[in-house]
J.: 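Sharing a structure here in structure tokens format.
Atoms within a ligand are numbered from 1 in the order they appear, just like the ligands themselves.
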Amino acid sequence: MTLTLAIPSKGRLKDKAVAALAGAGIHVASAEDSRSYRTSVTGAPGLEVLLLSASEIARELRDGAIDFGITGEDLIRETIAEPEQVVETVSRLGFGHADVVVAVPDAWVDVETMEDLNDVAGGYRARHGRRLRVATKYWRLTQSFFTRRNGIQSYRIVESLGATEGTPAAGSADVIVDITSTGSTLTANHLKILSDGVILRSQACLIRSLVARDRQDVAEADALAARFGSAPD
Ligand SMILES: Nc1ncnc2c1ncn2[C@@H]1O[C@H](COP(=O)(O)OP(=O)(O)OP(=O)(O)O)[C@@H](O)[C@H]1O
Ligand SMILES: O=P(O)(O)OC[C@H]1O[C@H](OP(=O)(O)OP(=O)(O)O)[C@H](O)[C@@H]1O
């Protein structure tokens with residue numbers, strides 16, 4: 001029986017994901033052609049390691065198409081409606097740290113909290129003739145944080161798949177929800193994080209698909225999971 005584990009094929013998580021597997025005695029080498037998405041694995045007989053994009057890994061875990069994956073918690077929470085029903089966090093891996101935050105223009109001196117933002121959103125249409133626009137690629141996290149956690153009813157999400165921090169200055173949005181690590185992109189774009197505007201503190205995690213259990217050798221998968229620590233915060 002073969003188990004599948006996917007790691008990011010490129011980008012900031014890839015090398016550290018390979019190192020995290022090595023720490024558990026699983027050694028992954030890329031195929032000779034560095035553009036190939038095939039790997040060879042030693043240290044875990046029967047384990048196939050796939051290279052996929054970080055967001056694709058979240059989708060494949062949701063759909064049960066892979067057994068395990070390493071990706072960011074932000075992508076898991078954005079992609080899967082009820083993650084606790086569908087996946088299990090085997091281990092938080094201690095890299096890929098980034099916060100998903102609500103940020104507004106520095107010039108909004110009276111807006112420091114989500115309550116302040118709610119006040120602004122409430123009167124926005126009357127003052128500007130349209131609802132407050134929030135630029136983000138994190139639709140699910142934004143809706144849940146704005147509407148369910150903070151009771152903000154009047155806003156509109158503007159999808160942004162890149163350069164989100166530039167959208168307020170460009171005039172295509174008023175505020176943003178995006179990922180930040182050093183904070184320098186927010187600063188450079190004259191944006192500030194609301195004091196209670198941290199939606200999620202994300203890091204890379206080893207995630208197990210519960211949906212994949214039906215076709216899995218569960219004992220084998222349990223043994224693989226046990227090679228990684230537990231999932232402390
Ligand atoms: N400074 C950062 N900016 C963006 N993402 C970061 C940062 N630091 C860590 N991450 C994490 O990296 C992951 C995204 O990785 P990466 O940028 O390699 O993928 P991507 O190219 O955006 O994804 P995909 O190829 O799937 O669209 C997310 O889980 C995110 O939380
Ligand atoms: O807080 P900071 O350290 O400034 O990092 C945050 C920025 O880094 C990422 O962009 P990146 O330029 O890496 O491109 P990406 O959006 O394609 O990931 C992310 O989308 C933010 O814009």
J.: Identify which of Ala54, Gly96, Ala204, Gly162 has a heavy atom lying nearest to atom 23 (O) of ligand 1.
T.: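 Result: the heavy atom closest to atom 23 (O) of ligand 1 is in Ala54.
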J.: Against heavy atoms of Ser55, which atoms of ligand 1 measure under 4.0 Å?
T.: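 Answer, ordered by atom number: 24 (P), 26 (O), 27 (O).
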J.: Give a yes/no verdict on whether any heavy atom in Gly162 is under 4.0 Å from an atom of ligand 2.
T.: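 No heavy atom of Gly162 comes that close to ligand 2.
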J.: Among all protein heavy atoms, pick out the one at the shortest distance from atom 22 (O) of ligand 1; state its residue, atom name and that distance to 0.1 Å.
T.: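 Minimum-distance protein heavy atom for atom 22 (O) of ligand 1 reads Lys137 NZ, 4.1 Å.
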J.: Take atom 12 (O) of ligand 2 and look for protein heavy atoms under 4.0 Å from it; say yes if you find one, no if not.
T.: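 It does not: no protein heavy atom is found less than 4.0 Å away from atom 12 (O) of ligand 2.
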J.: Could you check whether atom 15 (P) of ligand 2 has a protein contact, counting only heavy atoms that fall below 4.0 angstrom?
T.: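 Looking at atom 15 (P) of ligand 2, one finds that no protein heavy atom lies closer than 4.0 Å.
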J.: Output, in order, the C-alpha distance, side-chain angles, deciding distance and verdict of salt bridge (Lys or Arg N to Asp or Glu O under 4.0 Å) for Arg62 and Glu82.
T.: CA-CA 10 Å; Arg62 176 196 63 196; Glu82 292 187 77; over 6 Å; no
J.: When you measure from atom 20 (P) of ligand 1 to the protein, is at least one non-hydrogen atom found at a distance under 4.0 Å?
T.: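 No.
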J.: Give the atoms of ligand 1, by number and element, whose distance to some non-hydrogen atom of Lys10 is under 4.0 Å.
T.: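 Within the 4.0 Å cut-off of Lys10, ligand 1 contributes 18 (O), 21 (O), 25 (O).
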J.: Taking only heavy atoms of Ser181 into account, list the atoms of ligand 1 that are under 4.0 Å away from them.
T.: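 This gives 1 (N), 2 (C) as the contact atoms.
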J.: Give the atom numbers and elements of ligand 1 that come within less than 4.0 Å of a heavy atom of Gly72.
T.: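 Near Gly72, meaning under 4.0 Å from one of its heavy atoms, ligand 1 has 29 (O).
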J.: Looking only at distances, can you tell me whether any N or O atom of Ile179, backbone or side chain, sits closer than 3.5 Å to an N or O atom of ligand 2?
T.: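 Ile179 vs ligand 2: no N/O contact under 3.5 Å.
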J.: Below 4.0 angstrom from a heavy atom of Ile179, which ligand 1 atoms are there? Numbered from 1 as shown, please.
T.: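 With Ile179 as reference, the close atoms of ligand 1 come out as 3 (N), 4 (C), 5 (N), 31 (O).
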J.: Only heavy atoms of Leu75, strictly under 4.0 Å: list the atoms of ligand 1 that pass.
T.: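 That gives atoms 28 (C), 29 (O) of ligand 1.
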J.: Looking at atom 4 (O) of ligand 2, would you say a protein heavy atom lies below 4.0 Å from it?
T.: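 So atom 4 (O) of ligand 2 has protein heavy-atom neighbours under 4.0 Å.
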J.: Quiz question for you: does at least one protein heavy atom lie closer than 4.0 Å to atom 22 (O) of ligand 2?
T.: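 Protein heavy atoms within 4.0 Å of atom 22 (O) of ligand 2 - there is at least one.
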J.: Atom 10 (N) of ligand 1: which protein heavy atom is closest, and how many Å away?
T.: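 That would be Arg12 CD, 3.3 Å.
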J.: What part of His97, side chain from CB on, backbone N/CA/C/O, both or neither, has a heavy atom under 4.0 Å from ligand 1?
T.: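 Answer for His97: backbone.
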J.: Give the atoms of ligand 1, by number and element, whose distance to some non-hydrogen atom of Leu13 is under 4.0 Å.
T.: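 Every atom of ligand 1 under 4.0 Å from some heavy atom of Leu13: 12 (O), 13 (C).
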J.: Of all the atoms in ligand 2, which lie at a distance below 4.0 Å from a heavy atom belonging to Thr182?
T.: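 What qualifies from ligand 2 is 1 (O), 2 (P), 3 (O), 4 (O).
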J.: I'd like to check which ligand 2 atoms, numbered from 1 as shown, lie under 4.0 Å from a non-hydrogen atom of Glu165.
T.: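 Counting atoms of ligand 2 from 1, those under 4.0 Å from Glu165 are 21 (C), 22 (O).
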J.: Considering only the protein, which heavy-atom contact is closest to atom 31 (O) of ligand 1, and what is its distance?
T.: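 Nearest neighbour among protein heavy atoms for atom 31 (O) of ligand 1, to 0.1 Å: Asp74 OD2, 2.8 Å.
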